[in-house]
Amino acid sequence: MRTKDINVRKVNLKAFFTFHFSFFTSLLLLAVIMTACTKDDPNPLADSNGDLLVSVNNLVFTIDGGETEFTVQGGTAFVRSSEDWVTVTRKSGNNKQSTFVVVCSENTTGAERTATILANLDGAFKNISVTQAGPAKKEEGEFTFRTAGEVAKDMYPGWNLGNTLESCDANNLFNNNGGVGSETGWQPTKTTKEVIDAVKAAGFKSVRIPCSWICGHVSGGTEANPQIDAAWMARVKQIVDYCVEDGLYVVLNDHWDGGWIEVQGFTSNTSSFRAMTDAEVDAKIVTLKSLWTDIAEAFKGYDEHVIFAGLNEPFQEYNLFNSRHEALAPILIKYNKAFVEAVRATGGNNANRILVVQGPSVNTVSTISYMPANTLPEAAGKLMVEVHFYDPGQFCGTFDASGDNAYYYWGNGNHGTNHNATWGEESYMQEQFASLKTAFTSKGFPVIIGEYAGLQRTITGGDQAKHDASVKYYYQCVNEYATNNGIVAFAWDTNDVAGLGKESGSTTIIGRSAKSVVGQNAMSGILAGIAAGQWPQ
């Protein structure tokens with residue numbers, strides 16, 4: 001045999017084996033793919049197969065999320081979600097049908113989002129599209145803002161979303177603590193549109209939203225220029241939107257916030273008082289301006305229904321500051337001025353937005369005495385002044401309100417054999433509110449009582465009926481006297497429903513889980529007070 005013939009034969013044999021090896025390899029790979037695709041790991045690149053009978057083609061969720069079901073006909077199917085905010089679990093399955101439960105989490109991203117659920121049954125595939133709404137888009141443009149006095153008369157009565165967005169861990173200042181400061185940290189119920197609907201249905205016209213920012217919700221920047229976590233900002237806006245959509249006014253503040261300014265802005269030492277240096281005060285002002293610039297920019301597109309309040313209870317820490325209200329008032333006046341300047345500098349709607357500044361320790365007497373109208377950061381028109389009212393503390397729960405020292409009964413007509421209020425009753429309240437009108441409201445600066453409350457208790461060894469009447473009457477007087485003096489009062493509400501059944505008591509009015517009024521005495525008193533009062537002309 002010649003060499004040429006042998007070479008030709010070698011080439012033919014090589015081609016034969018190459019072809020058959022590739023053919024059998026392809027068959028083997030195809031078999032593996034087909035086998036894998038019938039398992040619970042479907043081919044994510046497969047096109048939708050119209051022959052697979054699925055009960056839905058698409059799912060749409062609101063911004064709050066939710067739960068729904070769908071079925072796959074023909075046998076035990078397998079599914080997979082493309083995003084971790086949509087979970088799919090099997091509810092049942094047999095040779096005829098599979099049923100799945102889809103759970104969509106709340107959308108706090110600040111935008112609409114989409115996902116895909118891939119269903120697989122014996123190699124046939126179906127894609128189910130999932131869409132979840134983001135926050136409603138606000139109409140762009142500048143709004144007309146009325147004066148603070150004109151708006152105030154439409155705001156009462158007010159209610160606090162207490163112990164919710166201000167929940168925070170003071171050890172996590174200027175950090176994102178991964179949820180330790182979440183809205184269910186101090187009370188159990190997430191705020192939904194239905195909760196706010198219940199607040200409106202009860203008769204409230206305004207919602208004060210105590211909010212923490214620097215405590216647990218900083219995701220970047222520096223201490224001088226903190227960057228608020230985008231998801232947190234989106235969540236706050238979502239709750240504000242619930243209120244605005246219901247026609248409610250919103251007072252959004254920077255609450256205690258771990259004490260970064262309300263304590264540490266007035267003393268260099270938190271265990272014992274030490275006067276602040278000018279440099280320390282200036283540093284706090286830089287941070288305060290940075291914070292309120294960011295908040296103001298985020299809410300710039302909102303109309304007069306959104307009101308900003310710079311702080312909450314400046315130097316309220318009793319042991320540190322009780323005897324120093326007058327000495328510390330000049331520092332507070334600087335902080336109030338910085339807050340107003342920061343918001344106004346963002347322009348647009350914020351140039352005319354109504355703003356609220358706080359008095360020394362938000363105490364009525366100290367505010368009138370040490371922060372008179374001529375010290376406020378701008379002229380009358382778009383500015384309000386805030387105080388809080390928890391007098392007498394033994395009835396309201398802020399001062400020695402337990403045991404023999406507790407006041408169960410309030411008001412001249414409601415006294416029992418003991419546990420009676422010995423101060424702070426009708427005439428005292430009337431005098432305090434009238435003084436606020438003289439000092440501020442009559443000069444064009446409406447006043448808000450950002451917080452007030454009376455403890456509703458279930459008492460033993462006493463007259464429950466007289467106590468219930470006392471609670472109703474207290475809330476009635478606060479709202480009647482406030483209305484008569486052009487003051488908007490915001491009831492403090494912590495969503496502690498269980499506390500209503502205890503002798504220690506609770507200030508809860510709206511049961512957020514039940515979405516209804518549970519503090520009936522307080523609510524009845526508020527409505528009675530509003531009906532009896534008359535807003536000054």
Side-chain angles (χ1 to χ4, degrees), residues 157-170 179-192 194-204 206-212 215 239 242-243 253 255-257 312-313 316 388-403 405-408 410 419 449-460 462 464 467-468 470-472 474-475 478-479 489-526:
W159 177 84
N160 272 276
L161 184 68
N163 280 18
T164 308
L165 297 187
E166 81 274 30
S167 167
C168 85
D169 176 2
V180 175
S182 71
E183 65 183 282
T184 55
W186 291 352
Q187 58 80 42
T189 310
K190 292 202 75 173
T191 306
T192 62
E194 290 72 25
V195 169
I196 300 303
D197 290 345
V199 173
K200 180 182 180 180
F204 292 105
S206 300
V207 175
R208 180 174 178 262
I209 301 180
C211 193
S212 288
C215 184
I239 294 176
Y242 295 156
C243 299
N253 77 353
H255 210 68
W256 174 69
D257 215 352
N312 168 51
E313 293 179 345
Q316 180 76 349
H388 293 179
F389 193 81
Y390 286 110
D391 290 339
Q394 296 90 335
F395 181 78
C396 300
T398 59
F399 181 75
D400 200 9
S402 61
N405 297 310
Y407 293 172
Y408 295 166
W410 187 91
H419 290 284
I449 298 175
E451 298 176 17
Y452 75 92
L455 275 177
Q456 174 67 59
R457 306 169 184 265
T458 297
I459 59 176
T460 57
Q464 186 69 50
H467 172 67
D468 292 348
S470 298
V471 172
K472 178 180 177 181
Y474 183 84
Y475 280 84
V478 169
N479 284 275
F490 288 78
W492 183 248
D493 189 330
T494 61
N495 195 33
D496 174 22
V497 177
L500 296 173
K502 300 176 182 178
E503 194 146 356
S504 56
S506 172
T507 62
T508 299
I509 300 173
I510 304 294
R512 300 183 205 173
S513 178
K515 301 174 184 65
S516 61
V517 174
V518 294
Q520 294 290 348
N521 295 317
M523 193 70 239
S524 295
I526 290 169

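Computed from a predicted model, the values in this text were never measured in an experiment.
- Qualifying side-chain contact (heavy atoms from CB on, under 4.5 Å) partners for N163, counting only residues two or more places apart in sequence or in other chains: E166, W186, Q187, W492, T494.
- Without hydrogens or angle criteria, N160 side chain to G450 main chain gives a donor-acceptor distance under 3.5 Å.
- Proximity of a side-chain donor or acceptor of T507 to a complementary backbone N or O of L455 within less than 3.5 Å is not detected.
- The nearest pair of heavy atoms linking A202 to I510 is CB-CD1, 3.8 Å.
- Here the closest non-hydrogen pair linking A198 and S516 is CB-N, 4.3 Å.
- Defined by atom type and a distance below 3.5 Å, a donor-acceptor pair is present between the side-chain atoms of N253 and H255.
- Atom OG in S212 sits 9.5 Å away from atom CG in N312 (nearest 0.5 Å).
- One finds the NE2 atom of H388 at 13.0 Å from the SG atom of C396 (value rounded to the nearest 0.5 Å).
- Rounding to the nearest 0.5 Å places CZ of F399 at 11.0 Å from CG of D391.
- With a 4.5 Å cut-off on side-chain heavy atoms, T191 and I196 count as touching.
- The ring of Y475 has its center closer than 6.0 angstrom to the ring center of Y452.
- For the residue pair Q520 and D468, no side-chain donor N or O sits within less than 3.5 Å of a side-chain acceptor on the partner.
- Using a distance-only test at 3.5 Å, with no hydrogens or angles considered, a donor-acceptor pair links the side chain of H467 to the main chain of R457.
- Using a 4.5 Å heavy-atom cutoff, the side chains of D197 and K515 are not in contact.
- Residues E503 and Y408 form a side-chain contact, since some pair of their non-hydrogen atoms from C-beta on lies under 4.5 Å apart.
- For the pair P392 and W410, the minimum side-chain heavy-atom distance is below 4.5 Å.
- Residues T164 and R512 have side chains that bring a donor and an acceptor to within less than 3.5 angstrom of each other.
- Applying the salt bridge (charged side-chain N to carboxylate O under 4.0 Å, His left out) rule to D400 yields no partners; only residues at least two apart in sequence or on another chain are considered.
- Residues satisfying the salt bridge (charged side-chain N to carboxylate O under 4.0 Å, His left out) criterion with K190, sequence neighbours excluded, are E106.
- D169 and C215 make their closest contact through O-SG, 3.1 Å (heavy atoms, listed as atom of the first residue, atom of the second, distance).
- With hydrogens and angles disregarded, no donor-acceptor distance shorter than 3.5 Å links the side chain of S506 to the backbone of Q456.
- Expressed to the nearest 0.5 Å, how far CH2 of W159 lies from CD1 of I509 amounts to 9.0 Å.
- Judged by distance alone, the side chains of T508 and N495 never bring a donor and an acceptor atom under 3.5 Å apart.
- When atom types are taken as modelled, the side chain of Q464 and the backbone of I459 share a donor-acceptor pair closer than 3.5 angstrom.
- The shortest side-chain heavy-atom distance between F204 and I526 falls under the 4.5 Å cut-off.
- The backbone N or O of G158 sits nowhere less than 3.5 Å from a side-chain atom of S206 that would complete a donor-acceptor pair.
- Nearest heavy-atom pair across A401 and G393 is CB-O, 3.9 Å.
- Nearest heavy-atom pair across V478 and A489 is CG1-CB, 4.0 Å.
- Here the OG atom belonging to S470 is positioned 9.5 Å from the CG atom belonging to N521, to the nearest 0.5 angstrom.
- Looking at F490 and P157, their side chains never come closer than 4.5 Å, going by heavy atoms from C-beta outward.
- Classified by interplanar angle (parallel below 30°, tilted 30° to 60°, perpendicular above 60°), the ring pair F395/Y474 is tilted.
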Practice item. Determine, stepwise, if the pair T458 / K502 fulfils side chain to side chain contact (heavy atoms under 4.5 Å, CB included). Key: CA-CA 5 Å; T458 297; K502 300 176 182 178; over 6 Å; no
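- The distance from atom OG1 of T398 to atom CD of Q316, rounded to the nearest 0.5 Å, is 8.5 Å.
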